[in-house]
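Scroll down for the structure; my scribbles are underneath it.
Here is the naming used below: chain letters follow the sequence lines, and residue numbers restart at 1 for every chain. All values derive from a computational prediction rather than experimental measurement.
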Amino acid sequence: MQDTGKNIIIAGVGGQGILLFSNLLSKYYMKLGYELKISDVIGLGQRGGGVESHFRYSNKPVLSPFIKSGDVDYLLSFEQTETLRYLHCLKDDGIVFTSTFELSTSSVNTRLEKDMPESKTELIKRSGKKTFIIDPEENKSPDFDISKMMNIVMLAIYAEFRGYPHEEMIEIVRESVPAKFIEGNIKAYEKGVEIARAFAL
Amino acid sequence: MNGNEAVARGAFEAGVKVASGFPGTPSTEVMDYTKYRYPDIYCEWSTNEKVGLEVAIGASFAGYRSFAVMKTVGLHVAADALGGAAGSQINGGLVLVVGDDVGRIAGDDYNDVRHYGNMFNIPVLEPSDSQEAKDLMIKAFEISEEYSTPVILKITSVICKTTSGVSIDESATYKVKIKQKYKVSFSKVIMTTMMMNAKGSEHPKLTKCFNDFPAHMRRLAEDCNNFDINKLELKGKKIGVITAGTPYFYTTEVLPDASILKVGMVMPLPEKLIRELAAHVEKLYVIEDGHDIMEKNIKDLGIAVIGKELFPKFPEMMRFTPDIIEEKLVPDAPKRTLMDGIPFRLPVSCAGCSHLFISQILRNHKIKAAADVTCGLIGCFPHMESYSLQKCMGSSIALAHGYNVATDHKENFVAMIGDGGFWATGINGLMNLIFNDSQSTTIIVDNSCLAMTGGQHIASSEFGFNYKPENKLEIAKVCEAIGVKDIVTVDAYEFENLEKAILNAVNSNTNSVVIVQKPCVTKFKLPKSDIYQIDQDLCTQCRKCINIGCLAIESKKGKDGKVEIVINEDLCVGCGLCSTACKFDAINS
Ligand SMILES: Cc1ncc(C[n+]2csc(CCOP(=O)(O)OP(=O)(O)O)c2C)c(N)n1
Ligand code: SF4
Ligand code: SF4
Ligand code: SF4
């Protein structure tokens with residue numbers, strides 16, 4: 001069946017390369033001739049703030065830059081607390097891809113707020129959505145720093161899930177990142193494919 | 001292209017000669033794109049928004065198209081300059097590109113730039129996507145020249161940060177446009193008072209000064225019914241909506257059958273089109289981001305319209321979303337709610353930021369202080385509590401002075417200000433306290449840039465669009481020239497020296513300035529030193545180190561569920577501040 005378009009929320013915290021992620025993905029969809037609207041709404045403050053990108057591609061003109069709650073097909077999240085923040089935006093059959101990475105929030109660190117008592121990973125699993133959970137600790141590699149390159153790992157997982165050609169994705173990565181980082185990025189991409197295949201997507 | 005890129009492209013296609021202004025989220029990158037993509041355009045970051053707008057006004061009088069970019073709080077600073085330009089003769093098109101922080105994404109006050117349209121009787125345009133951002137930028141210059149008026153292009157945080165397709169003619173070349181219709185241009189005060197009751201007011205010497213700006217605006221209000229940037233889409237008769245900007249798209253998505261008047265120019269409004277829509281539908285709504293400005297202007301025309309009563313505004317509504325419209329106008333739409341108890345992310349300073357050293361010393365010694373608008377204002381947040389007063393940009397020096405004269409200088413209330421805030425307007429506060437014989441202490445944070453807005457250059461930076469080493473201003477020299485009695489310069493990372501310098505300054509009975517030097521860690525990517533670690537056997541979890549506000553220090557639940565205070569090794573830069581805070585010697589490099 002022809003893909004008429006999807007609504008994606010990409011979430012995480014500052015410094016995780018989310019803008020690069022959405023930029024790479026947009027290049028792929030642009031090559032396929034889709035119309036796009038990508039809203040990169042960056043929260044207040046410096047490092048460690050929440051980052052949320054609304055990514056919409058369609059074969060018809062995209063109207064709203066923000067996706068209405070309940071209309072999200074995929075939530076791609078790089079941080080668990082942020083995953084929880086957007087779960088309610090998913091369609092009933094929406095799918096979650098999330099890292100188990102967690103950056104504690106300053107309001108919890110300083111005891112202005114209590115942390116959630118339950119494990120966040122468990123809450124995500126119990127959301128009733130189809131979820132793919134990636135643990136960066138278990139996927140560490142000497143070839144690249146997964147804490148900095150989860151974006152590329154995630155790109156590979158998403159591409160495998162959607163059945164997109166990896167050669168084309170890697171080509172886009174090559175075109176977009178500075179030469180000295182290309183090798184590490186490709187290693188990260190390969191790791192992503194390996195993780196995705198282990199999920200038997 | 002995102003909205004900021006598209007505006008810059010519009011400036012290029014419109015043949016702009018001069019771009020000036022002052023950084024401010026969300027519109028800062030308009031300048032960066034203009035500078036780096038279109039080298040034919042002269043660009044400058046000015047010392048503040050008022051200066052920036054005046055530069056643009058001068059260039060416009062010389063006959064060249066020019067624009068000034070700023071955020072809405074910046075226009076408050078430049079408002080007097082705008083008041084002077086509004087109603088006076090315009091040669092080259094003059095456009096103000098103003099970023100409204102709709103939704104308070106950058107966290108500033110929730111202002112709405114369209115109030116200036118009403119106040120000064122000047123047009124305001126509002127795009128709804130990147131294509132329109134480019135098109136309306138060009139249209140703004142045409143309107144400015146045709147109707148002899150400055151024009152505001154209102155862009156919002158959503159427009160600025162949303163990427164969507166823009167059709168551009170790659171082969172387009174830069175053509176500067178020159179228009180010198182008027183030999184003189186005075187602020188309307190002079191022209192109108194001269195016309196009033198003046199005998200012989202037909203005299204050519206007087207008539208050349210006269211500018212019937214209300215007539216220009218009446219003509220524009222009439223003509224705009226035929227502008228193609230105002231679009232009336234008559235569909236269903238039940239619901240009619242008047243809207244502008246991105247809310248247009250939220251509306252079309254949620255209410256595909258509604259009849260819609262989408263205005264590209266929100267001021268003045270196309271009265272005929274509004275009446276046509278009102279006559280067509282049973283119920284008429286207005287959906288506008290920001291304050292209820294169109295709503296009031298429509299009601300002033302005697303047309304019944306539903307707005308604020310259905311969609312409450314500030315502070316309840318941060319910005320429109322498709323969800324808000326659906327909830328109110330689509331009765332049986334399913335409701336979705338956020339999970340309870342998800343912790344909030346308060347802003348945190350970067351690890352190794354010089355502001356943290358200052359905050360820590362002020363807090364340790366219970367020194368009362370005012371913060372300015374800088375990265376350092378995070379020290380006002382409840383997890384740090386280093387400052388008790390914080391207002392607008394450039395204000396802290398005068399605020400502290402006011403406090404000190406009121407309390408007879410018994411409390412030594414200190415001002416902290418960034419180097420950018422100092423050059424922008426804070427320097428006036430310093431001059432003021434000197435000749436008014438005040439003994440206040442000012443801490444100037446010299447991090448070589450406007451850090452909070454992303455590291456743009458200032459008068460004392462060693463880089464910049466028009467930088468030459470011989471033109472660099474020295475903060476210490478200027479303070480000396482102004483007449484500050486006691487000036488010390490210290491490196492932020494030399495904790496003990498810094499502490500001594502601040503205490504000496506506070507305790508001295510003369511006016512004083514402490515200049516705290518350390519380039520912004522993030523902008524200048526300072527090299528890391530050895531990172532610090534917490535020895536869990538020595539740590540008592542007193543949390544003193546957490547309150548210094550460094551992003552690298554976290555309270556974490558381990559896999560066994562036990563809470564530990566740890567330093568995130570990816571984030572720590574090894575500045576050593578945390579080790580000065582620990583009384584148990586648990587933190588070491
Ligand atoms: C009148 C006004 N103009 C612009 C801004 C946007 N703004 C917020 S912080 C900032 C930079 C502050 O730089 P500086 O004073 O050097 O402090 P730093 O962040 O570098 O510590 C700017 C331009 C504002 N808040 N108000
Ligand atoms: S951007 Fe620079 S000044 Fe701002 S918090 Fe980070 S290090 Fe400090
Ligand atoms: S200040 Fe020292 S003892 Fe207190 S929490 Fe931090 S490391 Fe532990
Ligand atoms: S040494 Fe301490 S205060 Fe400095 S960056 Fe590392 S954790 Fe933060």
Side-chain angles (χ1 to χ4, degrees), chain A residues 13-15 22-23 26 30 35-50 53-54 56 61-71 81-82 84-90 102-120 123 127 145 147-148, chain B residues 2 103-107 129 157-159 161-165 246 248-254 321-323 326 333-351 353 375 378 381-384 451-452 522 543 546-547 549 551 553-557 565 568 570-571:
Chain A
V13 292
S22 67
N23 187 268
S26 73
M30 255 164 4
E35 305 236 15
L36 290 162
K37 250 185 200 170
I38 308 158
S39 230
D40 297 311
V41 184
I42 303 180
L44 112 165
Q46 278 62 11
R47 294 299 170 93
S53 181
H54 287 230
R56 311 186 74 183
V62 182
L63 302 176
S64 169
F66 292 113
I67 309 165
K68 201 151 58 71
S69 312
D71 279 356
T81 317
E82 298 309 307
L84 295 176
R85 223 183 287 288
Y86 301 103
L87 275 179
H88 69 286
C89 300
L90 282 159
E102 188 171 342
L103 182 72
S104 58
T105 69
S106 53
S107 58
V108 169
N109 285 343
T110 54
R111 295 197 173 139
L112 291 173
E113 267 186 297
K114 277 215 174 73
D115 202 359
M116 307 173 86
E118 305 92 331
S119 141
K120 298 195 176 72
L123 284 173
S127 65
D145 181 354
S147 75
K148 299 217 166 62
Chain B
N2 65 33
R104 309 185 73 172
I105 290 166
D129 60 15
S157 20
V158 182
I159 285 292
K161 307 285 180 196
T162 298
T163 301
S164 59
T246 43
Y248 165 68
F249 287 116
Y250 314 149
T251 309
T252 48
E253 189 158 313
V254 178
T321 60
D323 297 61
E326 187 177 73
K335 292 222 171 2
R336 316 249 173 184
T337 43
L338 179 71
M339 182 182 290
D340 273 342
I342 303 173
F344 179 71
R345 284 194 194 281
L346 274 175
V348 193
S349 304
C350 311
C353 177
C375 276
I378 292 180
F381 278 63
H383 57 298
M384 295 182 62
M452 198 183 195
T522 299
R543 290 178 178 251
I546 282 190
N547 290 332
L551 177 62
I553 308 178
E554 299 180 64
S555 140
K556 267 217 151 124
K557 237 187 266 172
I565 314 295
N568 182 321
D570 291 327
L571 298 174

| query | side chain to side chain contact (heavy atoms under 4.5 Å, CB included) between B:D323 and A:F66: does it pass, once the steps are laid out? | reply | CA-CA 10 Å; B:D323 297 61; A:F66 292 113; over 6 Å; no

| said: Can you confirm whether more than 12 heavy atoms, excluding those of A:R111, are under 6.0 Å from its CZ atom? | reply: no

| task | Using a strict cut-off of less than 4.0 Å between a Lys/Arg side-chain nitrogen and an Asp/Glu carboxylate oxygen, indicate whether B:E326 and A:K68 qualify as a salt bridge. | result | yes

| request: Answer whether the closest heavy-atom distance between the side chains of A:T81 and B:P343 falls below 4.5 Å. | output: yes

| request: Examine whether an atom of B:N547 lies under 4.5 Å from a heavy atom of chain A, and if so say whether it belongs to the side chain, the backbone or both; otherwise answer neither. | output: side chain

| query | Does the distance from a Lys or Arg side-chain N to an Asp or Glu carboxylate O, for B:E253 and A:K37, drop under 4.0 Å? | reply | no

| For the side chain of B:R543 and the backbone of A:N109, is there at least one donor-acceptor N/O pair under 3.5 Å apart? | yes

| query | If you count heavy-atom pairs under 4.5 Å between each of B:T337, B:I546, B:L338 and chain A, which one has the most? | reply | B:L338

| request: Compare every heavy atom of B:E554 with every heavy atom of A:S104, then report the nearest pair and how far apart it is. | output: OG-OE1, 3.0 Å

| said: Let me confirm one number: the OG-CZ distance from A:S64 to B:F249, rounded to the nearest 0.5 Å. | reply: 9.0 Å

| said: For B:D129, which atoms come within 4.5 Å of any heavy atom of chain A: side chain, backbone, both, or neither? | reply: side chain

| Nearest 0.5 Å, what's the OG1-CZ distance between B:T162 and A:R56? | 11.5 Å

| Non-hydrogen atoms of chain B under 4.5 Å away: do they reach the side chain of A:E35, the backbone, both or neither? | neither

| note | So, the part of B:T321 with a heavy atom under 4.5 Å from chain A: the answer is neither

| message | Is there a salt bridge (charged side-chain N to carboxylate O under 4.0 Å, His left out) between B:R345 and A:E82? Walk through the geometry before answering. | response | CA-CA 10 Å; B:R345 284 194 194 281; A:E82 298 309 307; 2.6 Å; yes

| request: Name the option with the most non-hydrogen atom pairs under 4.5 Å to chain B; the candidates are A:D115, A:L103, A:V108. | output: A:L103

| query | A:P117 versus chain B, heavy atoms under 4.5 Å apart: side chain, backbone, both or neither? | reply | backbone

| A:S39 side, atom OG; B:N2 side, atom CG - distance, nearest 0.5 Å | 10.0 Å

| remark: Max heavy-atom pairs within cutoff under 4.5 Å with chain B, candidates A:T110, A:I38, A:L36, goes to A:I38

| message | Which atoms of B:I565 are under 4.5 Å from chain A, going by heavy atoms: the side chain, the backbone, both sets, or neither? | response | neither

| Looking only at atom types and distance, does a side-chain atom of A:S107 sit under 3.5 Å from a main-chain N or O of B:F344, one as donor and one as acceptor? | yes

| query | If you measure from CG on B:D570 to CG on A:D145, what distance do you get to the nearest 0.5 Å? | reply | 6.0 Å

| field | Interatomic spacing from CG in A:L123 to CD1 in B:I342 - rounded to 0.5 Å | value | 9.0 Å

| task | Can you tell which part of A:L112 gets under 4.5 Å to a heavy atom of chain B, answering side chain, backbone, both or neither? | result | side chain

